[in-house]
Amino acid sequence: EVQSTFEKLGVRGNGVELTPPLFGFGRAVTLTEIKPGSLAEKAGWKVGDRLASLGEYKTQSISDIDYVLRKAQGGDKLLFNIFTGDQGRQ
């Protein structure tokens, strides 16, 4: 059974251009919904944050997030780069 990004991670979002680019990232996914109790909420992600990378991959669209999650093995820890305003964190 194939699960969606919302079911796996608890997020929905849209790809956006980062103008000006932030920390070398020109595109990211703006998070439009965070499911209560989800992995995303537990990681501290908020609506409006911009996810620029997950694992070793840049995230320019929600399909990029799907790709990373499909490749991940159970128990894998994925580093991420996310921006709130013009501040970034990992």
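From L9, atom CG reaches atom CG of L51 across 8.0 Å, with rounding to the nearest 0.5 Å. Within the model, atoms OG1 of T32 and CD1 of I62 stand 7.5 Å from one another, a figure rounded to the nearest 0.5 Å. The distance from atom CG of D76 to atom NZ of K71, rounded to the nearest 0.5 Å, is 10.5 Å. Atom CD of E33 is separated from atom CZ of F6 by 4.0 Å, given to the nearest 0.5 angstrom. Atom-to-atom distance recorded for L22:CG and R27:CZ is 13.5 Å, nearest 0.5 angstrom. Atom NZ of residue K8 and atom NZ of residue K35 lie 13.5 Å apart, to the nearest 0.5 angstrom.
With T59 contributing its side chain and A28 its backbone, the two residues share no donor-acceptor pair below 3.5 Å.
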message: Could you walk me through whether S53 and N81 satisfy the side chain to side chain donor-acceptor pair (under 3.5 Å) test, starting with their C-alpha distance in whole Å, then the side-chain angles of each, then the deciding distance to 0.1 Å, before giving a yes or no?
response: CA-CA 5 Å; S53 71; N81 285 290; 2.7 Å; yes
- request: Check the pair V29, D64 against side-chain contact (heavy atoms from CB on, under 4.5 Å), reporting the backbone distance first and the verdict last.
  value: CA-CA 9 Å; V29 175; D64 292 335; over 6 Å; no
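Below 30°, between 30° and 60°, or above 60°: for F23 and F83 the angle between ring planes is below 30°, a parallel geometry.
The minimum heavy-atom distance linking L78 with A72 is given by the pair CD1-CB, 4.3 Å. Closest heavy-atom contact between A40 and G10: CB-O, 4.2 Å. The nearest pair of heavy atoms linking I82 to F80 is CG2-CE1, 3.7 Å. Contact detail for K46 and I34: the closest heavy-atom pair is C-CG1, 4.0 Å.
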